[in-house]
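Sequence lines set the chain letters: A, B, ... in the order given, protein chains first and strands last, and positions in each chain run from 1. Just so we're clear, the structure is a prediction, and the values are computed from it rather than from any experiment.
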Amino acid sequence: MSGRGGPVSENEPQPLHRLVEERLRKLEALAERGEPYPYRYDRTHTSAGLAAAEAELTASGATVRIAGRIMAKRSAGKTIFLPLQDGEGRIQIYARRDDLGEQDYDAFKKLLDLGDLIGVSGKLFRTNTGELTVHVSAWELLAKSLRPLPEKFHDMSLELRSRKRHLDLIMNPESRERFRRRSALLDHVRRFLIDRDFLEVETPVLQPLYGGATARPFTTHHNALDQRLYLRIADELYLKRLIVGGLERVFEFCKDFRNEGMDRTHNPEFTMMECYAAYWDYHDMMDLVETLMRQLAEKFGVDGRISYGGHELDFSGGFRRLRFLDGLQETTGVDFRGLDREEIRAHAERLGVPVRPEMGADKILDAMFGELVEPTLIQPTFVMDHPKELSPLAKGHRDDPALVERFEGFVAGFEICNSFSELNDPREQRRRFADQMDLRAKGDDEAQVMDEDYLEALEIGMPPTGGLGVGLDRLVMLFTDCNAIRDVLLFPAMRPEE
RNA sequence: GCGCCGCUAGCUCAACUGGUAGAGCAACUGACUCUUAAUCAGUAGGUUCGGGGUUCAAGUCCCUGGCGGCGUACCA
């Protein structure tokens with residue numbers, strides 16, 4: 001039992017729903033046949049396994065044992081058909097009174113409900129209509145379902161699908177398939193990195209200081225230490241300490257937490273993959289992302305292409321490289337290089353992009369880019385070389401002091417990854433933190449905070465390093481053609497029902 | 001945060017300008033020995049999201065609170 005609802009309240013004895021009462025009555029009757037919640041059941045096959053072994057099984061006439069959930073009941077007098085659903089699909093079973101005897105058949109027909117889990121043994125055959133079926137010679141209850149399943153003809157409401165994921169998974173095969181695919185996708189990413197000598201590590205979720213991204217944190221408290229702690233918004237600063245320590249390639253699949261709004265593409269907790277490689281720069285990271293995405297598209301798409309939201313996305317040719325300011329110029333016709341804040345602001349207003357007074361020049365450029373350019377980036381594109389103010393942990397650009405060596409990967413109009421040549425000069429990093437503190441003082445509560453402990457690590461000396469963060473939930477959305485993050489999270493954040 | 005829309009039986013949905021809350025599936029009783037959204041006959045099932053108001057009369061109109069969806073803002 002979990003205490004999800006907070007403090008335990010007095011459990012008021014509520015009258016049982018008539019449908020539950022009816023099923024309890026059947027449960028009691030079934031209990032007279034044997035333990036209604038037995039400990040285990042030996043299966044010889046799964047539903048898919050039966051189909052695969054059909055020829056052999058029908059030739060030998062072997063008795064098979066399968067288990068699953070009753071998804072429908074179709075009775076015709078003294079016979080009954082019902083589809084049984086297990087982890088791999090469905091298999092029909094067929095019972096006859098002549099085989100089971102009157103008593104056993106009546107129990108089977110009258111005491112079992114939709115949703116019950118049963119085990120059956122019998123021989124495999126094909127019905128007149130050609131459906132693979134197990135002819136039941138014996139059966140037992142494995143667990144009684146006391147509540148009705150949702151109606152089978154119509155889709156469950158979106159709310160119910162997210163709130164009661166177990167029902168969604170029972171009723172909707174495409175939902176089961178989506179989460180299988182999520183697992184396969186994450187598995188591929190993990191192997192891809194391990195194959196390239198990246199070491200998987202785990203770093204703190206509870207952090208005394210949060211950093212590595214611009215976002216508001218969740219705050220909590222450690223009683224024994226009487227210390228304020230934050231749930232991490234990123235694990236970047238810890239992973240780079242490991243690079244300092246000589247673990248030259250590291251990655252982590254990390255749950256991050258950001259105390260921001262929720263919408264179609266945002267959940268307060270989400271999964272990132274961050275990886276860092278010593279002696280790499282952001283060009284090396286672009287190669288890494290390109291290779292990974294090409295592989296994923298080959299594995300989960302068709303000929304290196306996937307379709308998403310009506311777009312055909314092609315990863316076979318790699319990512320287009322688009323410099324941030326070139327992208328802006330392409331869309332707006334304005335070359336923003338060398339313009340001051342006031343000039344930039346005027347352009348933004350003319351283009352209909354709202355500007356708030358606390359926004360600096362670079363922030364306004366970013367707002368314009370997000371509004372005007374990003375939605376047009378459908379085919380795989382690396383947006384690179386961003387203005388400096390937006391990226392306090394990225395190394396200055398080797399050719400242009402106003403920019404940093406950074407890229408973001410865009411596909412279908414949304415960002416899937418973010419990467420830098422990591423800033424490893426502790427003097428410069430200290431100045432950047434100081435600038436962030438100024439922004440914070442001016443009321444930007446998402447600005448990053450000074451992290452002396454991290455600076456001390458940098459002062460020991462960090463090699464040139466390439467870093468990358470990939471939003472794994474969005475990656476899954478991309479490869480499952482989902483437009484809402486809640487559909488790729490098993491348990492998306494929801495308000496309590498009552 | 002804000003705006004718009006929604007919330008009716010276990011589930012999916014009806015109910016016109018305010019006038020006796022209905023259907024399908026699920027459930028129950030019965031018929032039917034190859035069904036597959038099985039079929040057929042019958043039965044039962046409701047605090048119309050909560051609270052307040054207007055009215056002879058409220059699922060329907062008004063106010064307020066809750067939850068959800070979509071859009072929008074910040075963010076990944």
Q) His188(A) and Leu292(A): which non-hydrogen atoms are nearest, and at how many Å? A) CD2-CD1, 4.2 Å

Q) What is the base-pairing partner of G45(B), counting Watson-Crick and G-U wobble geometry with both distances under 3.5 Å? A) none

Q) How is Glu131(A) classified with respect to the nucleic acid when contacts are heavy atoms under 4.0 Å: base, sugar-phosphate, or nothing? A) base

(Q) Need one value for Arg264(A): base, sugar-phosphate or nothing, where a base atom within 4.0 Å counts as base even if backbone is also close, heavy atoms only. (A) sugar-phosphate

(Q) Take a 6.0 Å sphere around CD of Gln103(A) and say whether it holds more than 12 heavy atoms from other residues, nucleotides or ligands. (A) no

Q.
Out of the candidates Arg25(A), Lys73(A), Lys26(A), only one should pair with Asp113(A) under the salt bridge (Lys or Arg N to Asp or Glu O under 4.0 Å) rule; please name it.
A. Lys26(A)

Q: Could you tell me whether Glu22(A) and Arg147(A) make a salt bridge, using a distance below 4.0 angstrom between a side-chain N and a carboxylate O?
A: no

Q. The side chain of Met494(A) lies closest to which of these nucleotides: A27(B), G30(B), G68(B)?
A. G68(B)

Q: Return the nucleotide paired to U72(B): Watson-Crick means purine N1 to pyrimidine N3 with N6-O4 or O6-N4, wobble means G-U with N1-O2 and O6-N3, both under 3.5 Å.
A: G1(B)

**Q.** N/O donor-acceptor pair, side chain Asp263(A) with base C70(B), under 3.5 angstrom
**A.** no

Q | Length of the NE2-C1' vector between His266(A) and U72(B), whole Å | A | 13 Å

(Q) Please list, in numerical order, the residues of residues 67-80 of chain A that have a heavy atom closer than 4.0 Å to any atom of RNA chain B. (A) Arg74(A), Ser75(A), Ala76(A), Gly77(A), Lys78(A), Thr79(A)

Q.
At 4.0 Å (heavy atoms only), tell me whether Tyr105(A) reaches a base, stays on the sugar-phosphate, or touches nothing.
A. nothing

(Q) Can you identify which nucleotide, out of C34(B), C70(B), C75(B), has its nearest atom closest to the Asn128(A) side chain? (A) C34(B)

Q: Starting at atom CZ of Arg23(A), determine the distance to atom P of G10(B), rounded to an integer number of angstrom.
A: 14 Å

Q: Using a heavy-atom cut-off of under 4.0 Å over every strand shown, decide if Phe414(A) touches base, sugar-phosphate, or nothing.
A: nothing

Q.
Using whole Å, what does the distance between atom C1' of nucleotide U12(B) and atom CE of Met156(A) come to?
A. 11 Å

Q) Base, sugar-phosphate, or nothing for Asp155(A), non-hydrogen atoms under 4.0 angstrom? A) sugar-phosphate

Q: Calculate the interatomic distance between Phe153(A) atom CZ and G10(B) atom P; express it in whole Å.
A: 18 Å

Q. So what does Asp98(A) touch, heavy atoms closer than 4.0 Å: a base, only the sugar-phosphate, or nothing?
A. base

**Q.** Pairwise 5' ranking along RNA chain B for Arg97(A) and Leu158(A), keeping only the more 5' one
**A.** Arg97(A)

(Q) Side chain of Lys26(A) only, heavy atoms from C-beta on: which candidate in C75(B), A73(B), A27(B) is closest? (A) A27(B)

Q) In whole Å, what is the span from the CD1 atom of Ile170(A) to the P atom of G10(B)? A) 19 Å

Q) Choosing from C34(B), A27(B), C75(B), which nucleotide comes nearest the side chain of Lys363(A)? A) C75(B)

(Q) At 4.0 Å (heavy atoms only), tell me whether Thr214(A) reaches a base, stays on the sugar-phosphate, or touches nothing. (A) sugar-phosphate

Q: Output, in order, the C-alpha distance, side-chain angles, deciding distance and verdict of ring pair (Phe, Tyr, Trp, His ring centres under 6.0 Å) for Phe257(A) and Tyr230(A).
A: CA-CA 9 Å; Phe257(A) 305 84; Tyr230(A) 302 97; over 10 Å; no

(Q) Just by distance, no angles: are the side chains of Tyr210(A) and Asp451(A) close enough, under 3.5 Å, to form a donor-acceptor pair? (A) no

Q: State which of C11(B), C67(B), A26(B) makes the closest approach to the side chain of Glu159(A).
A: C67(B)

Q. Which whole-number value in Å describes the distance from Arg161(A) CZ to C11(B) P?
A. 16 Å

Q) Could a donor-acceptor pair under 3.5 angstrom be found where the side chain of Arg96(A) meets the base of U33(B)? A) yes

(Q) Could you tell me how far apart Leu132(A) (CG) and U35(B) (P) are, to the nearest whole angstrom? (A) 17 Å

(Q) salt bridge (Lys or Arg N to Asp or Glu O under 4.0 Å) for Arg232(A) and Glu202(A)? Distances and angles first, verdict last. (A) CA-CA 12 Å; Arg232(A) 68 178 167 204; Glu202(A) 293 167 275; over 6 Å; no

(Q) OP1 or OP2 of C67(B) versus the side-chain N and O atoms of Arg495(A): is any pair under 4.0 Å? (A) yes

**Q.** Atom-to-atom span, CZ of Arg147(A) to P of A9(B) - whole angstrom
**A.** 16 Å

(Q) Is it the case that over 12 heavy atoms from other parts of the model lie below 6.0 angstrom from the CZ atom of Arg323(A)? (A) no

Q | Short side-chain N/O contact from Arg356(A) to OP1 or OP2 of C74(B), under 4.0 Å | A | yes

Q. Reckon Arg126(A) touches a base, only the sugar-phosphate, or nothing at all at heavy-atom distances under 4.0 Å?
A. nothing

(Q) Side chain of Lys152(A), heavy atoms from C-beta onward: which of C67(B), A37(B), U35(B) has the nearest atom to it? (A) A37(B)

**Q.** Lys/Arg cation over aromatic Phe382(A): Arg320(A), 6.0 Å, 45° cone
**A.** no

**Q.** U55(B) pairs with, by Watson-Crick or G-U criteria that keep both distances under 3.5 Å
**A.** none

Q. Given U12(B), C34(B), C75(B), which nucleotide is nearest the side-chain atoms of Tyr94(A)?
A. C34(B)

